[in-house]
Amino acid sequence: MTSYQHARFRRIMAEVKVKPEVPDPMDIESRIIELCHQFPHGITDQVIQNDMPHMEAQQRAVAINRLLSMGQLDLLRSSAGLLYRIKDSQNASKMKGSDNQEKLVYQIIEDAGNKGIWSRDIRYKSNLPLTEINKILKNLESKKLIKAVKSVAASKKKVYMLYNLQPDRSVTGGAWYSDQDFESEFVEVLNQQCFKFLQSKAEAARDSKQNPMIQRNSSFASSHEVWKYICELGISKVELSMEDIETILNTLIYDGKVEMTIIAAKEGTVGSVDGQMRLYRAVSPLIQPTGLVRTPCGLCPVFDDCHEGGEISPSNCIYMTEWLEF
Amino acid sequence: MGNRVAAAELARQEVGTGGGCCHGGELGQAWCCSLPPLHSWHSGAAGMTQAELRLCSLLLQEHFGDIVEKVGNSLLRTGPRPLRLLVGDTGLLPDQVKKALCVLIQHNLVRYEVQPRGSVEYEARSERILRILRYPRYIYTAKTLYGDPGELLVEELLLHGHLPMSRAVARVADRLTETMEDGKTMDYTEVSNTFVRLADTHFIQRCPIVSEIPQSTKAPPPPAPALAIDEKEMYVVPRLSLVGKGKRRHSCNEEEEGEHKAKRQKQEGGRSETPPDDGIYWQVNLERFHQHFRDQALVSAVASRMDQTSSEVVRTMLRMSEVTTASGASHTQPLSSNEIFRSLPAGYNIGKQVLDQYLALLADDPLEFVGKSGDSGGGTYTVNLHKALVSLATATLESIVEERFGSRCARIFRLLLRKKHLEQKQVEDFAMIPAKEAKDMLYRMLSENLVSLQEIPKTPDHAPSRTFYLYTVNVMAAARMLLHRCYKSVANLMERRQHEMQENKRLLDKSQRVEAILASMQATGAEAAQLHEVEEMITGPERQQLETLKRNVNKIDASENQVDETIFVLESFIESTMKRP
């Protein structure tokens with residue numbers, strides 16, 4: 001380069017330098033979006049500032065707000081501060097037509113996960129009036145973004161959740177409910193089968209006639225063993241977990257037919273949960289039916305009305321007459 | 001059954017005679033000079049329920065007759081009274097009231113107390129009157145432990161209230177001789193030995209006697225004697241040499257009759273002199289029998305829950321603690337494994353290690369009947385008496401719920417017993433019963449007061465929508481309620497039994513007359529044809545009716561005893577719980 005050209009070049013550069021850089025707002029936004037694509041987990045303010053150091057804080061804020069309102073960015077909070085994340089383009093297009101309120105309601109429902117949320121709770125969280133809520137919910141439902149699931153606890157109550165989520169067990173009732181109906185027969189059958197299994201184990205232990213410690217220990221069955229037995233029986237159409245079997249075994253305890261002990265088990269032994277294992281054993285009742293229930297008076301439905309000389313009295317009691325003729 | 005009828009009839013006619021319970025025992029006039037023992041005062045005597053009152057009346061009437069029943073009834077309803085007021089209340093003659101009181105005091109059913117002002121007040125002991133229901137069980141237990149002499153000794157003591165040893169032995173020997181073959185008699189020594197054994201194991205005890213206070217001539221004698229007995233003296237049998245054999249009441253041989261009559265007179269003349277143990281009277285120690293029943297219930301519960309050998313170990317432990325543990329204690333004294341091993345019954349030859357294993361299993365069992373209290377002597381163990389009573393009472397409650405309401409209701413009941421407080425929803429979830437059914441069952445049990453609701457408000461205004469409602473079982477209240485039901489049931493059964501007898505009174509009288517005729521004819525040696533003719537006076541259908549009546553009365557009687565077993569368990573539980581601090 002000649003010295004004349006050098007000087008001219010320097011002059012142009014100075015001119016260029018002197019002029020303050022005014023970045024185009026559109027460029028800022030697209031730059032931010034590029035950055036978001038680069039870091040799909042989200043970018044912080046710091047990252048944006050590092051990339052475009054000449055940008056003023058205010059401009060940055062304006063750009064970010066525009067992007068948020070257009071629904072192209074997600075605002076998240078993290079331990080490092082605020083995070084901006086690119087929003088899923090598919091979703092972004094969906095929500096294009098909705099306004100802020102709808103987006104808020106959708107956010108709340110999404111947060112509820114697979115447990116769903118009741119309409120009144122949505123109202124509390126969003127502070128929107130009831131009529132608005134209802135309109136929004138209808139809208140979202142028609143767009144197939146959310147769905148209503150009937151709760152098994154209160155059959156009138158409807159909870160809303162995202163369209164493609166599976167409802168949680170607590171809402172549908174889990175293995176014991178099929179279409180909101182409690183399957184008592186199924187539970188009964190399982191109850192009897194578990195009891196038979198434990199009974200035969202106890203009998204086998206008793207017949208083995210070994211020393212008492214071994215006899216007692218072999219009469220126990222862990223919940224895992226019972227679970228395996230029931231699974232192998234194949235009487236259940238639904239897959240049952242070990243907890244399900246444990247709830248069935250608990251009902252047997254409340255029937256007075258089975259007793260349970262908890263022992264400490266090493267982590268990793270089959271069937272142990274949190275270092276413990278539950279063992280169950282069939283037992284015989286503590287006493288024979290007591291004397292009172294062997295008389296008619298013990299089971300009499302009109303016991304309180306009965307007195308000598310009245311219409312219902314021991315002398316003319318029909319239950320006693322029947323019982324005496326037996 | 002005929003005996004029972006005869007005894008009941010006689011009891012109704014005479015005043016002051018001990019009524020017959022199971023055997024038609026001879027009724028003795030027993031005005032005795034020894035005055036009643038003062039047992040611990042039962043503070044609950046005032047708060048009696050209608051059912052208890054009704055049952056006590058029925059028992060007094062059946063066993064002692066109308067006059068005693070009136071007096072007892074009046075005392076039960078009004079509380080402690082002096083004699084004058086009692087005469088006024090009952091409207092009977094003073095002489096009758098005195099005799100009735102004498103009978104009641106003789107049988108420990110009424111006690112007296114000298115008031116500060118100098119009058120003597122009489123108070124009925126309702127809990128002791130209710131024990132009359134249990135007499136057959138006491139007698140049966142004595143029979144299983146000590147055979148026929150034991151059975152009859154306890155029966156005589158129960159029927160007479162107090163008896164000196166010599167008389168008791170003589171009467172029992174006579175009765176046993178009656179049942180033996182011709183020519184054989186029961187020797188006094190065997191009966192005395194049984195008596196001594198009963199005293200050694202504390203099943204019978206001495207009655208308190210008048211204490212020897214030096215009387216100063218100036219001070220007037222107290223209106224009623226104070227009675228006391230030393231603990232050490234209670235089971236000491238006096239040294240008597242009772243020699244003799246039982247006598248038969250009737251003799252079948254005519255020739256011997258004259259001889260017998262002469263002999264009998266001589267003997268009776270001899271007996272009219274004071275017996276060697278005058279003033280020392282014996283009574284049955286009911287507490288000891290109750291202890292035995294409780295042990296029995298414990299052992300059978302262990303046998304059904306675990307196995308025969310474990311129950312034998314527990315029985316041994318209880319036997320060893322019989323005399324060392326105070327009644328009403330919540331634990332037995334600690335027993336070391338070595339001691340238990342030495343005391344096992346002879347037939348059980350299990351090794352020491354095996355015994356240790358059984359003891360360890362008993363201590364580990366969720367029942368918690370046996371607890372380990374230390375390691376000396378190979379491990380010391382105690383029996384948890386209170387816990388055992390709680391378990392037995394709870395099992396009784398559960399059994400009643402199961403039989404009355406069904407097994408699903410019983411499941412809910414047991415669930416509430418374990419978890420103490422639950423909401424409606426939780427009950428449904430734990431018990432795995434559909435919501436509608438669970439609700440129905442809970443409300444039914446609530447209406448019967450077996451289950452109660454506990455309100456826990458979230459807000460100060462107790463608004464129902466913002467309150468937790470928890471279901472819970474109050475075991476003491478439920479036990480008391482069912483005990484009350486037991487009393488009423490027994491009273492109902494007794495009334496029904498009396499009604500049945502009353503309905504067939506004509507037939508019973510007829511059959512009695514026929515029997516009497518037959519007996520007299522047999523004594524005078526009538527021919528078979530004549531006897532047959534007399535027997536024919538009772539027709540076939542009538543015989544059938546009598547058979548049915550007998551069967552029904554026995555059935556009701558057995559049922560009363562069964563309800564009494566429930567009463568025992570519930571009462572023991574309530575007593576044991578009240579005693580704890």
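Note on naming: letters A, B, ... go to the chains in the order of the sequence lines (proteins, then strands), and numbering restarts at 1 for each one. None of the values given here were measured: they were computed from a predicted structure.
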| remark: Heavy-atom closest pair (A:Thr251 atom, B:Phe430 atom, distance to 0.1 Å) is CG2-O, 3.4 Å
| remark: If you tally heavy-atom pairs under 4.5 Å between each of B:Met306, B:Glu398, B:Arg305 and chain A, the highest tally belongs to B:Arg305
| said: Rounded at 0.5 Å granularity, tell me how far CD in B:Glu495 sits from NE2 in A:His307. | reply: 11.0 Å
| query | Closest heavy-atom contact between B:Leu493 and A:Met320? | reply | CD2-CE, 3.9 Å
| message | If you apply the rule side chain to side chain donor-acceptor pair (under 3.5 Å), what do you find for A:Thr295 with B:Ser559, and how did you get there? | response | CA-CA 6 Å; A:Thr295 69; B:Ser559 193; 4.9 Å; no
| query | Got a second to check how far B:Gln562's CD is from A:Gln288's CD, nearest 0.5 Å? | reply | 11.5 Å
| query | Step by step, would you call A:Thr261 with B:Asp364 a side chain to side chain contact (heavy atoms under 4.5 Å, CB included)? | reply | CA-CA 10 Å; A:Thr261 40; B:Asp364 270 337; over 6 Å; no
| Top of B:Arg408, B:Glu437, B:Gln357 for chain A proximity - count of heavy-atom pairs under 4.5 angstrom | B:Gln357
| field | Whether over 12 other heavy atoms sit under 6.0 Å from B:Lys555 NZ | value | yes
| field | Trace of the side chain to side chain contact (heavy atoms under 4.5 Å, CB included) decision for A:Glu259 with B:Asp365 | value | CA-CA 10 Å; A:Glu259 70 178 15; B:Asp365 198 83; 4.2 Å; yes
| request: Only one of A:Ile248, A:Leu190, A:Asn191 passes side-chain contact (heavy atoms from CB on, under 4.5 Å) with B:Met432; say which it is. | output: A:Ile248
| request: Pick one of side chain, backbone, both or neither for B:Ala435, based on which atoms fall under 4.5 Å of a heavy atom in chain A. | output: neither
| For B:Ala301, is it the side chain, the backbone, both, or neither that has a heavy atom closer than 4.5 Å to a heavy atom of chain A? | both
| task | Just give me the residue among A:Pro301, A:Gly256, A:Ser313 that pairs up with chain B most often, heavy atom to heavy atom, under 4.5 Å. | result | A:Gly256
| note | Comparing A:Leu292, A:Asp304, A:Ile253 against chain B, the one with the most heavy-atom pairs below 4.5 Å turns out to be A:Leu292
| said: I'd like to verify something: which residue of B:Ile400, B:Val569, B:Ile350, B:Val302 has the highest number of heavy-atom pairs under 4.5 Å with chain A? | reply: B:Ile400
| task | Among B:Arg418, B:Lys488, B:Gln353, single out the residue with the greatest number of heavy-atom pairs under 4.5 Å to chain A. | result | B:Lys488
| task | Using a cut-off of under 4.5 Å on heavy-atom pairs, state which of A:Cys300, A:Gly298, A:Ser315, A:Ser284 scores highest against chain B. | result | A:Ser315
| task | Work out which heavy atom in B:Arg414 is nearest to a heavy atom in A:Asp255; give both atom names and the distance. | result | NH1-O, 2.9 Å
| remark: Nearest heavy-atom contact between B:Arg551 and A:Leu324 is NH2-O, 3.3 Å
| request: Could you tell me which portion of A:Thr321 (side chain, backbone, both or neither) has an atom closer than 4.5 angstrom to a non-hydrogen atom of chain B? | output: both
| note | Honestly, the part of A:Glu308 sitting under 4.5 Å from a heavy atom of chain B is both
| said: Looking at A:Glu188 and B:Arg411, is there a salt bridge between them, counting it only when a charged N and a carboxylate O are closer than 4.0 Å? | reply: yes
| request: Count the heavy atoms belonging to other residues, nucleotides or ligands that lie under 6.0 Å from CD of B:Gln426, then report whether that count exceeds 12. | output: yes
| query | So which of B:Glu500, B:Glu565, B:Arg485 has the biggest tally of heavy-atom pairs under 4.5 Å with chain A? | reply | B:Arg485
| said: Need one label for B:Ser304: side chain, backbone, both or neither, based on atoms under 4.5 Å from any heavy atom in chain A. | reply: both
| task | Determine whether more than 12 heavy atoms belonging to other residues, nucleotides or ligands lie under 6.0 Å from atom NZ of B:Lys439. | result | no
| field | Closest contact, heavy atoms only, A:Cys317 versus B:Arg496 | value | O-NH1, 3.3 Å
| field | Nearest heavy atoms of B:Ser399 and A:Pro289, plus distance in Å | value | OG-CA, 3.6 Å
| request: Drop me the distance from A:Arg294's CZ to B:Thr566's OG1, to the nearest 0.5 angstrom. | output: 8.0 Å
| said: Between B:Thr548 and chain A, with a heavy-atom cut-off of 4.5 Å, which part of the residue counts as in contact: side chain, backbone, both or neither? | reply: neither
| field | Residue A:Pro285 versus chain B: region with a heavy atom under 4.5 Å | value | backbone
| Is it true that the side chains of A:Thr290 and B:Thr396 contain a donor and an acceptor less than 3.5 Å apart? | no
| request: Decide side chain to side chain contact (heavy atoms under 4.5 Å, CB included) for A:Tyr254 and B:Lys419; before the verdict, give the C-alpha distance in whole Å, the side-chain angles of both, and the deciding distance to 0.1 Å. | output: CA-CA 10 Å; A:Tyr254 306 135; B:Lys419 304 271 188 183; 3.2 Å; yes
| task | Against chain A, label B:Ala410 side chain, backbone, both or neither, depending on which of its atoms sit under 4.5 Å from a heavy atom there. | result | backbone
| Contact origin within A:Asn250 toward chain B - heavy atom pairs under 4.5 Å | neither
